[in-house]
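One structure below.
Below, chains carry the letters A, B, ... as their sequence lines are ordered, and counting in each starts from 1. Every heavy atom of this structure was used, including side-chain atoms; hydrogens, water molecules and symmetry mates were not.
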Protein chains: 2
Amino acid sequence: MENPRPPATLADVAERAGVSRQTVSNAINNPDLLRPDTLARVQQAIDGLGYTPNQAARHLRTRSSRLVGLRLTPAQEFTANMAMDRFVRALVEAAREVGYHVLLFSGGPVEEGELPDPLGGYDDLFRSTAVDAFVVTDTYLGNPVAVELTRRRAPFVAFGRPWDDPVASHPWVDVDGAAGVAAATEHVRDLGHERIAWLGWEPGSRIGEDRRAGWHRAMVAAGLSTAGLEAAVADTVDAGRQAAARLLDTTAPTGFVCASDTLAVGVLHTLRERGLHAGPGLPVVGFDDSQVAQVMGLTSVRQPLEEVAVELIGALADLLAPTEPTTHGILLAPTLAIRQTSV
Amino acid sequence: MENPRPPATLADVAERAGVSRQTVSNAINNPDLLRPDTLARVQQAIDGLGYTPNQAARHLRTRSSRLVGLRLTPAQEFTANMAMDRFVRALVEAAREVGYHVLLFSGGPVEEGELPDPLGGYDDLFRSTAVDAFVVTDTYLGNPVAVELTRRRAPFVAFGRPWDDPVASHPWVDVDGAAGVAAATEHVRDLGHERIAWLGWEPGSRIGEDRRAGWHRAMVAAGLSTAGLEAAVADTVDAGRQAAARLLDTTAPTGFVCASDTLAVGVLHTLRERGLHAGPGLPVVGFDDSQVAQVMGLTSVRQPLEEVAVELIGALADLLAPTEPTTHGILLAPTLAIRQTSV
DNA sequence: ATGAAAGCGCTAACAG
DNA sequence: CTGTTAGCGCTTTCAT
């Protein structure tokens with residue numbers, strides 16, 4: 001059995017080092033203020049006692065918890081989950097480097113027949129000073145979270161553009177989906193293809209429209225026709241399968257660029273059913289570089305989530321610093337993970 | 001612009017309700033102590049002011065942060081990541097129901113040529129009273145975290161059995177992998193198969209050995225021979241592909257049960273290469289019900305992570321309650337997600 | 001059932 | 001450069 005005695009406090013360290021409590025506090029927070037020998041003595045006492053500042057007390061005093069809140073969205077489709085996992089890891093790591101931790105919360109259960117509370121969980125956490133700020137990820141169309149948080153003066157940064165509000169005042173970081181899809185389209189074009197199909201989502205999603213725009217832009221830039229080369233369907237394997245079949249039967253594209261890995265998997269199914277083989281002669285590209293893409297050898301657009309996390313935390317630090325915030329919006333370019341379905 | 005004034009405090013509420021601060025505190029923490037009419041008046045003041053207790057002050061006073069720490073493991077293979085995502089969500093939800101939040105942290109970067117600090121991140125968090133307890137997930141063989149946390153008297157519960165220490169004193173929850181694989185094997189047997197192969201990992205993993213034992217036990221119970229029907233390989237698609245080919249060439253199994261979805265995908269590759277088709281006539285079963293299994297229609301053993309989370313939080317509540325802890329170890333049975341590769 | 005007093009451990013001001 | 005004083009907002013005795 002070890003020491004069941006309570007953890008050491010500032011006062012304990014001060015006594016042991018023969019200085020005042022304040023000096024110990026300075027040794028920790030403003031070491032420059034101390035004479036080297038005093039600092040060394042205090043440090044020795046700290047080490048000897050195994051002292052760690054009590055967060056609660058510091059938090060109460062400084063009004064800063066060094067915690068950022070992240071609300072877990074209610075488990076979306078495959079691809080998004082996977083991206084979320086990678087993003088959370090990246091965020092935790094980026095936060096750690098500036099001395100922050102990530103506090104996870106959920107919006108709570110959505111009652112049958114009720115709309116989910118858009119602000120679920122946010123308000124209490126902020127008002128109770130449990131977190132200093134939030135990272136908001138669900139900035140889908142018309143999301144009221146950003147508006148409400150702004151109104152309540154809760155500091156936050158968003159992963160995702162404020163599509164609906166070009167003059168939004170909060171910092172944001174987003175991935176340039178259009179650029180990613182354009183790069184994918186050019187990649188397929190470079191393989192010698194001209195009839196490159198776009199398999200996208202049904203209208204209504206800003207993200208989906210953005211990705212489609214990348215394909216369209218690249219096609220136009222290459223002087224290629226887009227007529228009859230696109231389909232807009234639900235984000236399921238089966239919808240992708242059927243849409244690919246329809247396209248093959250009509251305009252017979254020789255390459256596919258898709259809005260998601262899920263749709264791309266559907267395309268692969270159709271190709272297999274017809275005895276066709278995805279590859280440089282018949283490339284298929286997905287989006288999100290999910291687990292599925294990795295296992296199935298699917299070329300896919302990969303979001304730079306690690307960079308996103310770093311930029312978000314940087315913007316957050318900016319926001320919480322006493323100085324005027326500098327960053328406003330940052331758009332990062334995805335990369336292309338090239339695999340067997342296109343090489 | 002809204003009120004930039006500071007959040008209301010207990011004193012504000014007390015003044016507005018015409019009672020003492022103490023009474024407000026009681027209204028929140030021990031409502032039974034108040035007369036109904038007083039309680040109502042206080043409640044009104046709370047609502048009117050939009051008061052939320054300051055966590056830092058409460059935390060300092062009660063020495064409880066109502067935060068559980070969870071260390072993110074350094075991103076493992078596909079299947080594990082996916083499971084982690086689902087587990088984290090479940091944990092956040094289970095914690096919420098008992099008034100806890102989940103604080104994520106990482107072990108920090110592992111320096112080149114250095115061993116990762118087994119206690120990385122744990123010690124500071126606990127000593128600084130930033131978290132009340134931990135959920136430990138990486139209880140792989142000989143993991144020193146459990147030992148160290150016990151020595152430091154840090155409350156924690158483990159997801160995973162203490163394989164190496166049958167008398168471990170901490171509460172744990174685990175999934176009965178052997179039972180899951182046995183159920184999978186019986187499922188294949190029920191389809192009419194007798195030569196059921198086991199595609200497992202190389203020795204050295206307790207989890208892997210456990211899963212294999214489930215297959216072996218089920219085979220023996222069904223009076224089936226296991227001779228030449230097993231392979232032990234690395235957990236990659238390619239290793240699974242090759243192993244399946246070897247098995248087909250030698251003992252020609254008519255069904256495959258695998259230690260992971262990754263290996264099962266390898267089997268599917270081999271079958272396809274040979275013009276064979278997974279299904280009731282040639283079943284393939286994976287483990288973990290990953291994204292890949294869901295998209296590819298792979299039957300897979302699914303861990304009850306939501307239950308695991310609930311049990312873990314229950315054990316934690318027990319541990320932190322003033323009463324004597326009751327639970328010690330809980331073993332939960334997985335289910336079988338049956339899909340096209342076996343039906 | 002309600003109020004008064006004390007203090008959790010820390011840091012921001014100021015004084016020496 | 002170091003020490004003193006005060007108080008962050010809350011809960012826990014204890015008294016009324």
Heavy atoms under 4.0 Å, any strand shown: does [X] hit a base, just sugar-phosphate, or nothing?
X: B/L10; value: base
X: B/L60; value: base
X: A/R21; value: base

Could you tell me whether B/R152 and B/E148 make a salt bridge, using a distance below 4.0 angstrom between a side-chain N and a carboxylate O?
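So B/R152 pairs with B/E148 through a salt bridge.
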
Is B/R86 paired with B/E306 through a side-chain N to carboxylate O contact shorter than 4.0 Å?
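A salt bridge is present here (some side-chain N lies under 4.0 Å from a carboxylate O).
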
Report the distance from atom [atom1] of [X] to atom [atom2] of [N], rounded to the nearest whole Å.
X: A/E15; N: C/dG9; atom1: CD; atom2: P; value: 14 Å
X: B/D12; N: D/dC8; atom1: CG; atom2: P; value: 11 Å
X: A/Y51; N: C/dT11; atom1: OH; atom2: C1'; value: 10 Å
X: B/Q55; N: D/dC8; atom1: CD; atom2: C1'; value: 15 Å
X: B/N30; N: D/dT11; atom1: CG; atom2: P; value: 10 Å
X: B/N54; N: C/dC8; atom1: CG; atom2: P; value: 18 Å
X: A/R63; N: C/dA12; atom1: CZ; atom2: P; value: 12 Å
X: B/D32; N: C/dA1; atom1: CG; atom2: C1'; value: 13 Å

Return whichever of A/P36 or A/Q22 has its heavy-atom-nearest nucleotide of DNA chain D closer to the 5' end.
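Comparing both residues, the 5'-ward one is A/P36.
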
Take B/T52 and A/T129 through the test side chain to side chain contact (heavy atoms under 4.5 Å, CB included) and record every step on the way to the result.
CA-CA 9 Å; B/T52 309; A/T129 73; over 6 Å; no

Against A/Y100, only a single residue in A/V92, A/D132, A/L67, A/V131 fulfils side-chain contact (heavy atoms from CB on, under 4.5 Å); can you say which?
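When A/V92, A/D132, A/L67, A/V131 are each tested with A/Y100, the side-chain contact (heavy atoms from CB on, under 4.5 Å) holds only for A/D132.
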
OP1 or OP2 of [N] sitting under 4.0 Å from any side-chain N/O of [X]?
X: A/R58; N: C/dT11; result: yes
X: A/N26; N: C/dT11; result: no
X: B/T23; N: C/dG3; result: yes

Closest to side chain of B/T9, choosing from D/dG9, C/dC10, C/dG3:
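That would be D/dG9.
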
Decide yes or no for B/S25 and B/L10: does some side-chain heavy atom of the first lie under 4.5 Å from some side-chain heavy atom of the second?
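Of all side-chain heavy-atom pairs linking B/L10 with B/S25, at least one is under 4.5 Å.
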
Of B/R61 and B/T38, whose nearest nucleotide on DNA chain C comes first from the 5' end?
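Comparing both residues, the 5'-ward one is B/T38.
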
